[in-house]
Amino acid sequence: MKKIILIGIIVLVLSLFLSADVYIKNVERTKAFEMMGRKQGEKVEIKEMWLAERKFAQTGKDFNLIFDYDKGKLYFIIHKQKAYYELPAEVDREKLLELIQGFSPRTVEIIKSIKITDAKVNFSGETKKIANWDCSLTEFEMVLMIPALNMMPKYKMKRWTTKDLPFDYKRYTKAMSKFFVRYILGMLDIDENSKKELEKFDATEGFQIAAEITINIFGSEINVESQSLEITEKPAPPGTYSAPKDYKKKTIDLPSFPEGKELH
């Protein structure tokens, strides 16, 4: 009897290990800023993420983002509305143009005009200790051009990554990489040099521990800092990678932008 119980415990432990995912708990701080005459106070939020080999889920106070490559679905969940939007996991630029055919001509023009340019990746070789992790720095920047709205937001990121983890992190970053390739490289118009830089950035080795992001838009600067508080390999709770059953599925209805009403 004791042997049967012991075997049962071993099977249970092994099954949990084999089905384990990675849980990440991050603290994110958006510094106070002013945009178009409106002031936004500092915001600090705890965000959680679950990574599996072919899916991931990021949860926050306002919304969740779930990517499930096996189901071929991307879910954008908005808690305040108790609703979610469902998109295909496989989207390239041609598919995007098909999806937006029902939108107003002005909205289609704006989406088609978006282009990533001036992307640059810098491996400085700089290192530092963050909590218990030995990290190295990768710097990245790009410009998101939206000619139809006369906008040119600039994005910069300092990314600290580590290889100092007790598990094979590459096994759990596949879904994130697929999402990056499908929704960034595949969907938007990108100049060839920027595409090479983005691919280089995506191939950066190491697991992200901290990041410092700066966005320049409408003459304002937005600064966001994030850092991991916990990274643990364990099974994800049921329902982690699916939309809540009591949430309503909605369709995307982007606003139309009439001529002469662009944002400057």
Is Arg159 close enough and on-axis enough to Phe201, meaning under 6.0 Å and within 45°, for cation-pi? yes
Please check this pair: side chain of [X] against backbone of [Y], looking for a donor-acceptor N/O pair closer than 3.5 Å.
X: Ser136; Y: Thr127; value: no
X: Thr161; Y: Gln208; value: no
X: Gln227; Y: Ile209; value: no
X: Thr162; Y: Asp134; value: yes
X: Ser220; Y: Glu34; value: yes

Hphob cluster co-occupancy, Val22 + Ile130, side-chain heavy atoms under 4.5 angstrom: yes
Apply salt bridge (Lys or Arg N to Asp or Glu O under 4.0 Å) to the pair Asp68 and Lys73, showing each step before the final yes or no. CA-CA 5 Å; Asp68 191 322; Lys73 300 292 182 182; over 6 Å; no
Modelled atom types, side-chain donor and acceptor of [X] and [Y], under 3.5 Å:
X: Tyr241; Y: Asp21; value: yes
X: Ser228; Y: Asn26; value: yes
X: Asp191; Y: Thr117; value: yes
X: Glu53; Y: Tyr69; value: no
X: Glu221; Y: Asn223; value: yes

Salt bridge flag under 4.0 Å for residues Lys163 and Glu205: yes
Please test Lys120 against Glu197 for salt bridge (Lys or Arg N to Asp or Glu O under 4.0 Å), starting from the C-alpha separation and ending with a verdict. CA-CA 6 Å; Lys120 293 177 185 148; Glu197 292 294 296; over 6 Å; no
Where do Lys43 and Glu28 land on the salt bridge (Lys or Arg N to Asp or Glu O under 4.0 Å) test, with the steps shown first? CA-CA 8 Å; Lys43 179 182 177 182; Glu28 182 178 284; over 6 Å; no
Heavy atoms of other groups near Met157 CE, more than 12 under 6.0 Å: yes
Please list, chain by chain and in numerical order, all residues satisfying side-chain hydrogen bond (donor to acceptor under 3.5 Å, both in side chains) with Gln58, sequence neighbours excluded. none
Compute the centroid of each ring, for Tyr75 and then for Tyr85, and state whether the two points are separated by less than 6.0 Å. no
Walk me through it: do Glu141 and Lys154 pass the test salt bridge (Lys or Arg N to Asp or Glu O under 4.0 Å)? CA-CA 8 Å; Glu141 62 181 81; Lys154 296 180 180 179; over 6 Å; no
Do the side chains of Lys47 and Thr59 get nearer than 4.5 Å, heavy atoms only? no
Pairs where residues 40-59 contributes a residue and the test ring pair (Phe, Tyr, Trp, His ring centres under 6.0 Å) is met, not counting sequence neighbours: Tyr23-Trp50, Phe56-Phe67, Phe56-Phe179
